[in-house]
Amino acid sequence: MGRKSKAKDRGYMTATEWREEGGGFKQASATDFRRLPFHCCAISFLPFEDAACTLDGTTYDIVNIVEYIRKFKRHPVSGTPLALKDVVPLHFAKNGDGQHHCPVLHKVFTESTHIVAVRPTGNVYCYEAVEELNIKPRFWKDLLTDEPFTRKDIIHLQDPTNLAKHNMSQFDHVKRDIKLVSDAERAELEKDPSYHINTTSEDAQRVLSSLAATTSGSALQAGGGGAKAQARNMLMDAQRVAANGGKPGDKKGSQSTKEEPTGTDPRLRAPERQPVNAAFKPGTSTWNTDDPDQQPWLKHRKKKAKGEEEAPNIMAAGPEPLPFQSSAKLVQRQMTTGAASRSFTSTAQNVVTKNERVTEREERCPKKKAYLRLSTTLGDLNLELHSDMVPRAAENFLVLAQNAYYDGTIFHRSIKNFMIQGGDPTGKGTGGQSIYGGTFRDEFDNRLTHSGRGILSMANSGPHSNGSQFFILYKSAHHLDHKHTVFGKVVGGLGTLTAMERVPVDDEDRPLQEIKITGCQVFVDPYKELVEEEAKLEAEAARKAEEELHPPEPENVGAWFSNPGGLATGSAGFQVRTGVGKYLPVLPAPKASGSTTAAPQPAGSAGPGASVAFPAATDAAAGPTTTPAKPAAPAKWKAPAAAMNFDAW
């Protein structure tokens, strides 16, 4: 129904409707997309073991790409000419589960991750780490090896917004049906009885086949080690020639140099060890959590098995707290412990007949920051501690510094463009404890991040394992946010921090020149000020309570505000009276001069309760006596003027 509905009310279908909506012929879709995973070789379509890539970001197994270039001299994906110098070996990092991840952010790579590689080093990162730590701050150095590079050296291995280059159906070798090993070559290889035997490794097969053959010289010339090592050596030689401007150059120190026989056949020697690209965990201090042999309870267990010493119960009893007092106080709550109720209802509990209140530890949280100066052998560092945001971590560092716990300790770890770590009294990075006894919990605040040079943060070996060790950043490290507690920053002495960064280190990142903490000077201690302020308030409250229980004797009760002092208790020149108006002064009576009448009273002074003034008594020998006069009559009330008369209202 609807507008122009009758135009479609027909008893037949058009050719277009039959072709598109009916059962007519339909052309197959031209989009045949098959995505290549980032961890697979673009030639064999199998997961690579030793990765390499070309400048367009396509990943390969190094054995396959070297063999392909040697045979066909062209790009497997685009079909353009390609040389060995354009192939970049890659170094993928793996976590404990064997998954590829970013060595900086420890983010596991998935099909939705933007993955990039740095051409000079071949290290693989997620694009987020490179963007935040290299591109935005314009810091063009590798995040692991500190080797300089440019923005053009960033190779995008996987971009979720651009998946066209990963379509396997559009690869050049797939369209042309090019294979590394042709069917004829494979049939020739299958004639060998040992072709299908997989009990021996490729290295062993190559060595055994080369012992009595004329190709033993070329095998040694290639460096040995199997097809992977040979392909890698050829790739390194090609890159060295390209770096020297097309000349072979000096090959001293390369793996492809021919070795002289020295008693043992070089072909039977073990391949040279390659450095392990392990995941980097900055900030570990208490012990190495990746090495189970370094766990303290395992060490005691091994010693006990050997009979060297009896293993103490480390897990049951923690380390004793340091003899340093914190500003926390114990507060008794209104609730009870419930021990009496439990003992009354359960026979498994000890008998308790007295209820006790729950005692809890209450932390003091000051409203201002702490300031101190840390003196080292290279200069002074002025520090600001965020005691108003992370009170436990700031107080731990402040109390340890005040009690000379850090005096004489060294900075045992320094990594250029990253951080310097210290605070371990043993100087090995495996010791130290907090003022709370052992370790304490993390304190995270969204306002405190590892942003900028000079950030002061706690070193730990995992969640809630803060002790006495700390580190100071040389540059931003946002991958440590919400993993390490930030509790301060350097506000003065950045030149000293620069001098620390320039100190050379050994292979274990230990400074070759000893950097030692010589002392500490505290300028502002908000915890001490808070305790003193609370002590003053408690003393004032106790004084007021004592005054309420035992009020002082009243002084000068009869003083009036208009005439303070000397009005009440018969001071000189005044008289005391009772009743209404007792606090009003009474003029003294004039001295008698022969008249027996008393001085007249002021108007309004007579009335109920009014006092009478008597002259002082005199001796008979002194003269005649006088009789007191009668009090004057009260003044009569006068009617107010007509203007003040309101009787007519």
From Lys367, Lys536, Lys368, residue fulfilling salt bridge (Lys or Arg N to Asp or Glu O under 4.0 Å) relative to Glu529: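 Exactly one pass, corresponding to Lys368.
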SB check Glu147 Lys141 (cutoff 4.0 Å): no
Lys/Arg N to Asp/Glu carboxylate O, Arg453 vs Glu501, below 4.0 Å: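 Yes, this pair counts.
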Return the orientation label for the [X] and [Y] ring planes: parallel under 30°, perpendicular over 60°, tilted otherwise.
| X | Y | value |
| --- | --- | --- |
| Phe48 | Phe92 | tilted |
| Phe411 | Phe470 | perpendicular |
| His156 | Tyr127 | tilted |
| His450 | Phe471 | parallel |

If you count heavy atoms of other groups shown closer than 6.0 angstrom to [atom1] of [X], is the number above 12?
| X | atom1 | answer |
| --- | --- | --- |
| Lys475 | NZ | yes |
| Glu532 | CD | yes |
| Arg543 | CZ | yes |
| Phe444 | CZ | yes |

Atom pairs and distances, donor-acceptor, side-chain atoms in residues 510-520, under 3.5 Å, two or more places apart:
from, atom 1, to, atom 2, distance (Å)
Arg510, NH1, Gly427, O, 3.0
Arg510, NH2, Gly427, O, 2.8
Thr518, OG1, Ser375, O, 3.1

Atom of Cys365, atom of Pro391 and distance for their closest heavy-atom approach: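 Minimum heavy-atom contact is SG-CG, 4.2 Å.
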Side chain to side chain donor-acceptor pair (under 3.5 Å) evaluation trace for His386 with Lys369: CA-CA 5 Å; His386 303 301; Lys369 299 183 183 296; 3.0 Å; yes
Between CG on residue Asn396 and OG on residue Ser468, distance to nearest 0.5 Å: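 Reported value, rounded in 0.5 Å steps: 7.5 Å.
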Worked verdict on Asn466 versus Asp442 for side chain to side chain donor-acceptor pair (under 3.5 Å): CA-CA 7 Å; Asn466 301 292; Asp442 296 327; 2.6 Å; yes
Any side-chain heavy-atom pair of Asn417 and Tyr474 under 4.5 Å: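 No; the side chains remain at least 4.5 Å from each other.
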Check against side chain to side chain donor-acceptor pair (under 3.5 Å), Tyr371 and Glu384: CA-CA 5 Å; Tyr371 295 91; Glu384 178 187 71; 2.7 Å; yes
